[in-house]
Amino acid sequence: MSTNAGPLYREAEAKFKEAVTREEKLVALEEMLRVVPKHKGTEKLVADLRTRISKLKKEPTKKKTGSRGPSHKILHEGAGQVALVGPPNAGKSSLVAKLTHADPDVAPYPMSTHKATPGMMAFQDVAFQLVDLPPLCTEHVEPWVYDIIRGADLVWLVLSIQHPLVGLEETEELLASKAIGLTHWGCDLEVEGRPGWSYKDAFLVVTGMDMPGADGDLAAFEELMDCPWSKVPVSSETLAGAEELAQATFDALDIMRVYTKQPGHDPDMDQPFTLKRGATVGDLAEKIHKEIAADLKYARIWGPSAHDGQSVRSGHVLEEGDVVEIHR
Ligand SMILES: Nc1nc2c(ncn2[C@@H]2O[C@H](COP(=O)(O)OP(=O)(O)OP(=O)(O)O)[C@@H](O)[C@H]2O)c(=O)[nH]1
Ligand SMILES: [Mg+2]
């Protein structure tokens, strides 16, 4: 029938055949209806097109898998993923802009960030992945922000020295409303675990320490806090505190660096492997390659966890700075 309907119709019909989504199909069908010559010979075809269009219009729009807007998942890179969490205008984007090569929007007004921006922050021979996020505030929080926080290895709770207390309370309340709890890294504080909640290690990053009176304000904040928090005072302007911030991040991630060497060669001291503290030779082998882990016979270690050159088995617990030679 379509051969009698003219070349324009055949073109539209070809588009319909290629169409994948409901919208594409509708557009193509409507185009077919528009271009089909209307006369006695095409009456049935026109009626058929109208039926197909109205059927398709009534079809519920199929949700794409996980269609909550574009995916905001940030793949982990480097020695640990750090989510920058806090109230508006606290200096989150400024920190990511100053400490990494990423270029998030920084603005003197609140609510300036609407997307997640990752950037790598170098520390000695490793790098952390910082993730700039939109702010947490009672007016509005993008729902995917909480998913990124749940997936991160560590939270920097970023507060401005100008109004740290309100920001701290509001941020913790908003996180709690989504069943996310913060454990105060480095503090002797029992956080009672609740079933179904996610807990994240966190410490405070207090920005604006270059501002007049900041030291006094920090002392006042410390006095007014109801429970202890580890905090790193910094300035995004002068980068004072950046080194301490990187060290605290390394410590809070609870990681160690180990280096590998091939038999008869010098160790590769440029590119450490980062592993959770307490990891074993077997865990290292697994990280290098599954096959290596499967074939592992023993390893020789130079470094704090053994006598130089000592042969150890897969279960041997490694320590920061170990050099490991794997034998398969
Ligand atoms: N003097 C000074 N100003 C800062 C510092 N950190 C941030 N600022 C300023 O504070 C304002 C807000 O900084 P942003 O980095 O955009 O803050 P944010 O937390 O990303 O804000 P939202 O994206 O709205 O949540 C900007 O004008 C920054 O220049 C700091 O350490 N010292
Ligand atoms: Mg921002």
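Every number for a ligand or one of its atoms is a count from 1 in the order of the listing. We count residues from 1, following the sequence as given. These numbers come from the heavy atoms of this one structure, side chains and all, not from hydrogens, waters or symmetry mates.
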Peer 1: Backbone N or O of L45 within a donor-acceptor pair of the T42 side chain at under 3.5 Å?
Peer 2: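 Between the backbone of L45 and the side chain of T42 there is no qualifying donor-acceptor contact (under 3.5 Å).
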Peer 1: Does any N or O atom in S112 lie less than 3.5 angstrom from one in ligand 1, N or O only?
Peer 2: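 The answer is yes, given that S112 and ligand 1 share an N or O pair closer than 3.5 Å.
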Peer 1: Please could you name the atoms of ligand 1 that P108 approaches to less than 4.0 Å, counting only its heavy atoms?
Peer 2: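 Those atoms are 26 (C), 27 (O).
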Peer 1: Using the ring of each side chain (for Trp, its six-membered ring), is W156 parallel, tilted or perpendicular to F203, with breaks at 30° and 60°?
Peer 2: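 The arrangement is tilted - the two ring planes meet at 30° to 60°.
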Peer 1: Answer yes when R34 and E31 have at least one side-chain N-carboxylate O distance shorter than 4.0 Å, and no when they do not.
Peer 2: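 Yes, R34 and E31 are salt-bridged.
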Peer 1: May I ask you to list the atoms of ligand 1 that are less than 4.0 angstrom from any heavy atom of P110?
Peer 2: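 With P110 as reference, the close atoms of ligand 1 come out as 24 (O).
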Peer 1: List the atom of Q129, the atom of L75, and the distance in Å for their closest heavy-atom pair.
Peer 2: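 Of all heavy-atom pairs spanning Q129 and L75, the closest is NE2-O, 3.0 Å.
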Peer 1: Just let me know how S93 lines up against ligand 1, side chain, backbone, both or neither, with a heavy-atom cut-off below 4.0 Å.
Peer 2: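 Both backbone and side chain.
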Peer 1: Can you tell me the protein heavy atom closest to atom 10 (O) of ligand 1 and the distance?
Peer 2: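 Closest protein heavy atom to atom 10 (O) of ligand 1: N89 O, 4.4 Å.
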Peer 1: Is K44 salt-bridged to D48, cutoff N-O under 4.0 Å?
Peer 2: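 D48 and K44: not salt-bridged.
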Peer 1: Please identify which atoms of ligand 1 are closer than 4.0 Å to at least one heavy atom of M211.
Peer 2: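 This gives 1 (N), 2 (C), 3 (N) as the contact atoms.
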Peer 1: So which atom in K231 and which in F221 form the shortest heavy-atom distance, rounded to 0.1 Å?
Peer 2: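 So the two residues come closest at CD-CE2, 4.5 Å.
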Peer 1: Determine yes or no for a side-chain-to-main-chain donor-acceptor pair under 3.5 angstrom, with K261 supplying the side chain and V323 the backbone.
Peer 2: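 No, K261 side chain to V323 backbone: no donor-acceptor pair under 3.5 Å.
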Peer 1: Answer with side chain, backbone, both or neither: which part of M111 has a heavy atom less than 4.0 angstrom from an atom of ligand 1?
Peer 2: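 Contact part for M111 vs ligand 1: backbone (N, CA, C, O).
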Peer 1: Among all protein non-hydrogen atoms, which one is nearest to atom 32 (N) of ligand 1, and what is the separation to 0.1 Å?
Peer 2: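 Looking at atom 32 (N) of ligand 1, the protein heavy atom closest to it is D210 OD1, 2.7 Å.
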Peer 1: Answer yes or no as to whether an N/O/S atom of S93 is found below 2.8 Å from the Mg ion (ligand 2).
Peer 2: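 Here the distance criterion (N, O or S atom, under 2.8 Å) is met by S93, so yes.
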Peer 1: Using a cut-off of 6.0 Å, state whether more than 12 heavy atoms not belonging to D105 lie near its atom CG.
Peer 2: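 12 or below, so no.
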Peer 1: Less than 4.0 Å from atom 26 (C) of ligand 1, is there any heavy atom belonging to the protein?
Peer 2: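 Under the 4.0 Å cut-off, atom 26 (C) of ligand 1 does have protein heavy-atom neighbours.
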Peer 1: N/O to N/O below 3.5 Å, does that happen between A90 and ligand 1?
Peer 2: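 Yes, A90 has an N/O under 3.5 Å of an N/O on ligand 1.
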Peer 1: Specify whether an N/O/S atom of S94 falls short of 2.8 Å from the Mg ion (ligand 2).
Peer 2: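 No, outside the cut-off.
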Peer 1: Taking E43 first and then K40, would you say they form a salt bridge - that is, a charged N and a carboxylate O separated by under 4.0 Å?
Peer 2: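 Answer for the salt bridge query: yes.
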Peer 1: Short list, please: which atoms of ligand 1 are under 4.0 Å from a heavy atom of G208?
Peer 2: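 Ligand 1 atoms under the 4.0 Å threshold to G208: 30 (C), 31 (O), 32 (N).
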Peer 1: Between D132 and S93, do the side chains contain a donor N or O and an acceptor N or O under 3.5 Å apart?
Peer 2: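 Looking only at side-chain atoms, D132 and S93 do form a donor-acceptor pair, the distance falling under 3.5 Å.
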Peer 1: Among protein heavy atoms, which sits nearest to atom 17 (O) of ligand 1, and what does the distance come to when rounded to 0.1 Å?
Peer 2: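 I find the closest protein heavy atom is G91 N, 3.1 Å.
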Peer 1: Around atom 23 (O) of ligand 1, find the nearest protein heavy atom and jot down its residue, atom name and distance.
Peer 2: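 Protein heavy atom with the smallest distance to atom 23 (O) of ligand 1: T113 OG1, 2.7 Å.
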Peer 1: If I apply the N/O under 3.5 Å rule, does T207 come out as touching ligand 1?
Peer 2: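 There is no such contact.
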Peer 1: Which of the atoms of ligand 1 are close to P88, meaning less than 4.0 Å from one of its heavy atoms?
Peer 2: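 Those qualifying, in numeric order: 25 (O).
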Peer 1: Can you tell me which residue and heavy atom of the protein come closest to atom 31 (O) of ligand 1, and the distance to 0.1 Å?
Peer 2: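 The closest heavy atom on the protein side is S236 N, 2.7 Å.
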Peer 1: Taking a hydrophobic cluster as the set of Ile, Leu, Val, Met, Phe, Trp and Tyr residues connected by side-chain heavy atoms closer than 4.5 Å, whether directly or through intermediates, do I148 and L84 fall within one such cluster?
Peer 2: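 The answer is no; the residues belong to distinct hydrophobic clusters.
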Peer 1: Considering heavy atoms of the protein only, find what lies nearest to atom 15 (O) of ligand 1 and give residue, atom and distance to 0.1 Å.
Peer 2: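 Going by distance alone, atom 15 (O) of ligand 1 is nearest to S94 OG, 2.5 Å.
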Peer 1: At a 4.0 Å threshold, what atoms of ligand 1 neighbour a non-hydrogen atom of S235?
Peer 2: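 Those atoms are 31 (O).
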Peer 1: Any idea which part of V158 is under 4.0 Å from ligand 1, heavy-atom wise: side chain, backbone, both or neither?
Peer 2: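 It is neither; nothing of V158 touches ligand 1.
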Peer 1: Among L157, L136, V141, which residue meets the side chain to side chain contact (heavy atoms under 4.5 Å, CB included) test with L175?
Peer 2: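 Passing option: L136.
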Peer 1: At what distance is the nearest protein heavy atom to atom 16 (O) of ligand 1, and which residue and atom is it?
Peer 2: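 Of every protein heavy atom, A107 N, 3.1 Å lies nearest to atom 16 (O) of ligand 1.
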Peer 1: Which atoms form the tightest heavy-atom contact between L133 and K92, and what is the distance?
Peer 2: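 Closest approach of L133 to K92, heavy atoms only: O-CE, 3.5 Å.
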